[in-house]
A.B. asks: 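Have a look at the structure that comes next, please.
Index from 1, following the sequence.
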Amino acid sequence: MLTRLLALAAHALAEAETRPEPKDLWEEPINATMWRPCSDQRDWEASEGTNGYIMISANGGINQQRVAICNAVTISRLLNATLVIPKFLYSNVWLDKSQFGDIYQEDYFINYLKSDIRIVKDLPVELQSLDLEVIGSLVNDTDVMKEAKPSLYVKKILPILLRNRVVHFIGFGNRLSFDPIPSDLQRLRCRCNFHALRFVPKIQEMGALLVERLHGHKSHLSPLKDSLLGQFAVKSAPSANKSDASKYLAVHLRFEIDMVAYSLCYFGGGKDEEDQLEAYRQIHFPVLTELKKTTKLPPAAFLRSEGKCPLAPEEAVLMLAAIGFKRSTNIYIAGAEIYGGRHRMAAISRLYPALLTKETLLSPSELEPFKNFSSQLAALDFIACAAADAFAMTDPGSQFSSLVQGYRMYYGGGNLPTIRPNKRRLASIFVKNGTIEWQEFQTRVRKLIQQTKQVHERPVARSIFRHPRCPECMCRTEH
């Protein structure tokens, strides 16, 4: 079916090249302009951090680490503790030894948040010799439930802090709830994510070069670019005619081997694919491998019908063609190495030949300082995606895509649309319509995407990193 649809898409794209694009393709709904950033506003006194010191060692990639940092800042304020600059655990998936100061500006972080909490670079000398495990100051993910309420920290963690003067959280990814939480703490979490975390000059400078090569020299300064790029943001005058500047669509193809293996889905590669993914699971996801032996897990076909599978590149390109992006569109592809490599990318590169990546836009010598640092390379992708004229994700559950979406909402002024497919409904179009014609496919996909672009306030308990349109992060204007 996909082969047939890809042939129909190629024909449709050839015909559409001389016709105007859909009007709303590069636009957000008009009411998106009703929200503006305001989490930088404070109405409290600085915390003195006198109850002790909080240390965290964050796991995962750059996106999980970012969430952990913002949660640690918030917990430090809640417990009147001093935060030690976070450490990052080495991951056998990401293979990156980068620490906080390799990615974010430490002094900027400390100074920006000094009106909220006290932050230091190291634990005081007299506490450094303590055996934290022996005295009961090590706290891991099993000690604190996922999305725990602030009350749990006051009840369970504060006594340890007061007794031992230091608590070290190992992990700490998503260990703080989004609701219920006092609004001033929610605002602090927002302030940390959108204002306090600035990339180091090395990343800003190369990110600025990426954006300049993607946008051309017509690109103008905006709050988003100022936040992302700092002193390296292009300060040329805005173009009088917006069409003069090069537009580009950024796409996050979340189809790396870790995602594909963990999903337990099947992608048409036969026994070779199944053996390769199972071998990867045994090394990187041993718990999942054991679970398969003892528990009857849903079959791959059911997972696909429920929208639980990552979109393969050939499915993603069909979505883009159906929405109305022209064949000549400049498309920036973000992400690490795609599972299946060039073969898997054949469909998207055939339909959209103007594909760009950081590797094609930057020279080997420009990329050399970032080589072997996956988190720093991901930061470059973050900049390119956040600054894009339109951004499309293929996995709404991806933390990278969520953070980019939130950043674009927060700083975009209602001008930076994000395409976020409902995978379950998209799967129903793919799976249950073996003979669907292009016109109907296009109509159904456009309707689906149109509904996900609607502007609404953050739903209860949903992430403020993904949905910053809420009173704690953004303010509503009257017009």
A.B. asks: Please say whether more than 12 non-hydrogen atoms of neighbouring residues, nucleotides or ligands are located less than 6.0 Å from OH in Tyr262.
C.D. replies: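 Open: at most 12 neighbouring heavy atoms sit under 6.0 Å from OH of Tyr262.
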A.B. asks: Roughly how far, to the nearest 0.5 Å, is the CD1 atom of Ile429 from the CD atom of Glu440?
C.D. replies: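 The CD atom of Glu440 sits 9.0 Å away from the CD1 atom of Ile429.
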A.B. asks: Using a strict cut-off of less than 4.0 Å between a Lys/Arg side-chain nitrogen and an Asp/Glu carboxylate oxygen, indicate whether Asp141 and Arg175 qualify as a salt bridge.
C.D. replies: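 Yes, this pair counts.
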A.B. asks: Can you measure from OG (Ser398) to CG (Leu403) and round to the nearest 0.5 angstrom?
C.D. replies: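 It is 8.5 Å, given to the nearest 0.5 Å.
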A.B. asks: Any side-chain donor-acceptor pair under 3.5 Å between Thr329 and Tyr248?
C.D. replies: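 On atom types as modelled, these side chains do not qualify, holding no pair under 3.5 Å.
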A.B. asks: Just wondering, do Val200 and Tyr104 contact through their side chains at under 4.5 Å, heavy atoms?
C.D. replies: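 They are not in side-chain contact.
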A.B. asks: Taking Lys271 first and then Glu274, would you say they form a salt bridge - that is, a charged N and a carboxylate O separated by under 4.0 Å?
C.D. replies: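 Not counted as a salt bridge, because no side-chain N and carboxylate O are separated by less than 4.0 Å.
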A.B. asks: Pair Ile181, Leu176 - check side chain to side chain contact (heavy atoms under 4.5 Å, CB included), show working.
C.D. replies: CA-CA 9 Å; Ile181 186 170; Leu176 179 63; 4.1 Å; yes
A.B. asks: Judged by atom type as modelled, is there a donor-acceptor pair below 3.5 Å linking the side chain of Thr477 to the main-chain atoms of Met34?
C.D. replies: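 Yes, Thr477 side chain to Met34 backbone: donor-acceptor pair under 3.5 Å.
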A.B. asks: Does a donor on one side chain sit under 3.5 Å from an acceptor on the other, for Ser98 and Gln376?
C.D. replies: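 Distance-only check passes for Ser98 and Gln376.
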A.B. asks: Using a strict threshold of under 4.0 Å (side-chain N to carboxylate O), is an ion pair present between Glu278 and Lys292?
C.D. replies: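 Salt bridge present between Lys292 and Glu278.
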A.B. asks: Is any side-chain heavy atom of Leu426 less than 4.5 Å from a side-chain heavy atom of Met319?
C.D. replies: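 Result yes, sub-4.5 Å side-chain heavy-atom pair found.
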A.B. asks: Does the distance from a Lys or Arg side-chain N to an Asp or Glu carboxylate O, for Arg304 and Glu315, drop under 4.0 Å?
C.D. replies: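 A salt bridge links Arg304 with Glu315.
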A.B. asks: By side chain to side chain contact (heavy atoms under 4.5 Å, CB included), which residues pair with Pro29, not counting sequence neighbours?
C.D. replies: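 Here the qualifying residues are Asn31, Val455.
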A.B. asks: Would Trp35 and Glu457 count as having a side-chain donor-acceptor pair, cut-off 3.5 Å?
C.D. replies: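 Per modelled atom types, Trp35 and Glu457 side chains form no pair under 3.5 Å.
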A.B. asks: Under 3.5 Å, is there a donor-acceptor pair linking the side chains of His252 and Tyr332?
C.D. replies: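 There is no such pair (donor and acceptor under 3.5 Å, judged by atom type) between the side chains of His252 and Tyr332.
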A.B. asks: Under the side chain to side chain contact (heavy atoms under 4.5 Å, CB included) criterion, do Tyr352 and Leu13 qualify, and how do the steps go?
C.D. replies: CA-CA 9 Å; Tyr352 289 98; Leu13 285 175; 3.6 Å; yes
A.B. asks: Quick one: does Leu95's side chain get under 4.5 Å of Tyr90's, heavy atoms only?
C.D. replies: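 Result yes, sub-4.5 Å side-chain heavy-atom pair found.
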A.B. asks: Look up atom SG in Cys190 and atom CG in Leu188, then write down how far apart they are to the nearest 0.5 Å.
C.D. replies: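 Cys190 atom SG to Leu188 atom CG measures 9.5 Å (nearest 0.5 Å).
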A.B. asks: Looking at Asp389 and Arg408, is any side-chain nitrogen of the basic one under 4.0 Å from a carboxylate oxygen of the acidic one?
C.D. replies: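 No.
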A.B. asks: Could you please spell out the steps behind the salt bridge (Lys or Arg N to Asp or Glu O under 4.0 Å) verdict for Asp40 and Arg191?
C.D. replies: CA-CA 6 Å; Asp40 54 337; Arg191 183 155 58 246; over 6 Å; no
A.B. asks: Any side-chain heavy atom of Ile69 within less than 4.5 Å of one from Phe109?
C.D. replies: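 A side-chain contact exists here, since the closest heavy-atom pair is under 4.5 Å.
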A.B. asks: So, applying side chain to side chain donor-acceptor pair (under 3.5 Å) with Tyr339, which one of Gln276, Glu273, Arg344, Glu256 is it?
C.D. replies: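 The option that passes is Gln276.
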A.B. asks: Does Phe194 have its ring centroid less than 6.0 Å away from the ring centroid of Phe465?
C.D. replies: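 No; Phe465 has its ring centre 6.0 Å or more from that of Phe194.
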A.B. asks: Roughly how far apart are Thr294 OG1 and Leu291 CG, rounded to 0.5 Å?
C.D. replies: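 Between Thr294 OG1 and Leu291 CG, I get 5.0 Å after rounding to 0.5 Å.
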A.B. asks: If we ignore angles and hydrogens, is there a donor and acceptor under 3.5 Å between the side chains of Gln451 and Arg425?
C.D. replies: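 Looking only at side-chain atoms, Arg425 and Gln451 do form a donor-acceptor pair, the distance falling under 3.5 Å.
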A.B. asks: Please say whether more than 12 non-hydrogen atoms of neighbouring residues, nucleotides or ligands are located less than 6.0 Å from CD in Gln439.
C.D. replies: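 It does not: Gln439 CD has 12 such atoms or fewer within range.
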A.B. asks: Out of the candidates Asn415, Leu416, Leu249, only one should pair with Trp26 under the side chain to side chain contact (heavy atoms under 4.5 Å, CB included) rule; please name it.
C.D. replies: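 Among Asn415, Leu416, Leu249, the one that satisfies the side chain to side chain contact (heavy atoms under 4.5 Å, CB included) with Trp26 is Leu249.
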A.B. asks: Working note: Asn193 + Tyr410, criterion side chain to side chain contact (heavy atoms under 4.5 Å, CB included); need CA distance, chi angles, decisive distance, verdict.
C.D. replies: CA-CA 11 Å; Asn193 182 48; Tyr410 191 80; over 6 Å; no
A.B. asks: Of Lys149, Arg458, Arg462, which meets side chain to side chain donor-acceptor pair (under 3.5 Å) against Asp179?
C.D. replies: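 Output: one option passes, namely Arg458.
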A.B. asks: With sequence neighbours excluded, what pairs up with Glu27 under the side chain to side chain contact (heavy atoms under 4.5 Å, CB included) test?
C.D. replies: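 Listed in chain order: nothing, the list is empty.
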A.B. asks: Please check this pair: side chain of Asp381 against backbone of Gly335, looking for a donor-acceptor N/O pair closer than 3.5 Å.
C.D. replies: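 Pair found, side chain donor or acceptor close to backbone of Gly335.
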A.B. asks: Can you tell me which residue among Arg213, Lys371, Lys202 is in a salt bridge (Lys or Arg N to Asp or Glu O under 4.0 Å) with Glu366?
C.D. replies: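 It is Arg213; the other options fail the test.
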A.B. asks: Please step through ring-ring contact (aromatic ring centres under 6.0 Å, His included) for the pair Phe232 and Phe199, ending with a clear verdict.
C.D. replies: CA-CA 11 Å; Phe232 300 100; Phe199 293 126; over 10 Å; no
A.B. asks: Using a 3.5 Å distance criterion without hydrogens, assess whether the side chain of Ser349 forms a donor-acceptor pair with backbone atoms of Met345.
C.D. replies: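 Yes, Ser349 side chain to Met345 backbone: donor-acceptor pair under 3.5 Å.
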A.B. asks: Got Ser463 and Ser402 here, is their nearest side-chain heavy-atom distance under 4.5 Å?
C.D. replies: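 The answer is no; the side chains never approach within 4.5 Å.
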A.B. asks: Any heavy-atom pair between the side chains of Cys309 and Tyr266 that's under 4.5 Å?
C.D. replies: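 No, their side chains stay 4.5 Å or more apart.
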A.B. asks: Mind checking whether Tyr407 and Phe391 have ring centres under 6.0 Å apart?
C.D. replies: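 Aromatic pair excluded; centres sit 6.0 Å or further apart.
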A.B. asks: Any side-chain heavy atom of Leu361 sitting closer than 4.5 Å to one from Leu209?
C.D. replies: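 In short, these two side chains do not touch, never coming nearer than 4.5 Å.
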A.B. asks: When you check the gap from the basic side-chain N to the acidic O, do Glu17 and Arg327 get nearer than 4.0 Å?
C.D. replies: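 No, Glu17 and Arg327 are not salt-bridged.
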A.B. asks: First locate atom CG of Leu380, then atom CG of Leu367, and finally report the distance between them rounded to the nearest 0.5 Å.
C.D. replies: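 The CG atom of Leu367 is 7.5 Å from CG of Leu380, to the nearest 0.5 Å.
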A.B. asks: Treating Arg281 as the side-chain partner and Ala261 as the backbone partner, does any N or O pair qualify as donor plus acceptor under 3.5 Å?
C.D. replies: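 It does hold such a pair.
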A.B. asks: Treating Gln186 as the side-chain partner and Phe178 as the backbone partner, does any N or O pair qualify as donor plus acceptor under 3.5 Å?
C.D. replies: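 Between the backbone of Phe178 and the side chain of Gln186 there is a qualifying donor-acceptor contact (under 3.5 Å).
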A.B. asks: Taking side chain as C-beta onward, heavy atoms only, is Gln99 less than 4.5 Å from Gln65?
C.D. replies: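 Not in contact.
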A.B. asks: What distance separates Leu8 CG from Leu318 CG, expressed to the nearest 0.5 Å?
C.D. replies: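 Nearest 0.5 Å value for the CG-CG distance: 9.0 Å.
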A.B. asks: Considering non-hydrogen atoms only, spot the tightest contact between Ala390 and Phe325 and give its length.
C.D. replies: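 Heavy atoms only, the tightest pair is CB-CZ, 4.3 Å.
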A.B. asks: Just do the side chain to side chain contact (heavy atoms under 4.5 Å, CB included) check on Cys70 and Leu197 with the steps written out, would you?
C.D. replies: CA-CA 9 Å; Cys70 296; Leu197 290 172; 4.1 Å; yes
A.B. asks: Cut-off 3.5 Å, no hydrogens considered: what does the side-chain donor-acceptor table look like for residues 467-475, sequence neighbours left out?
C.D. replies:
unit_1 : atom_1 : unit_2 : atom_2 : d
Arg469 : NH2    : Glu28  : OE1    : 3.0

A.B. asks: Give a yes or no on whether the backbone of Ser375 and the side-chain of Asp96 come within a donor-acceptor separation of less than 3.5 Å.
C.D. replies: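 Checking the backbone N and O of Ser375 against the side chain of Asp96, a donor-acceptor pair under 3.5 Å is found.
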A.B. asks: For Lys326, is the NZ atom crowded, meaning more than 12 foreign heavy atoms sit under 6.0 Å from it?
C.D. replies: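 It does: Lys326 NZ has more than 12 such atoms within range.
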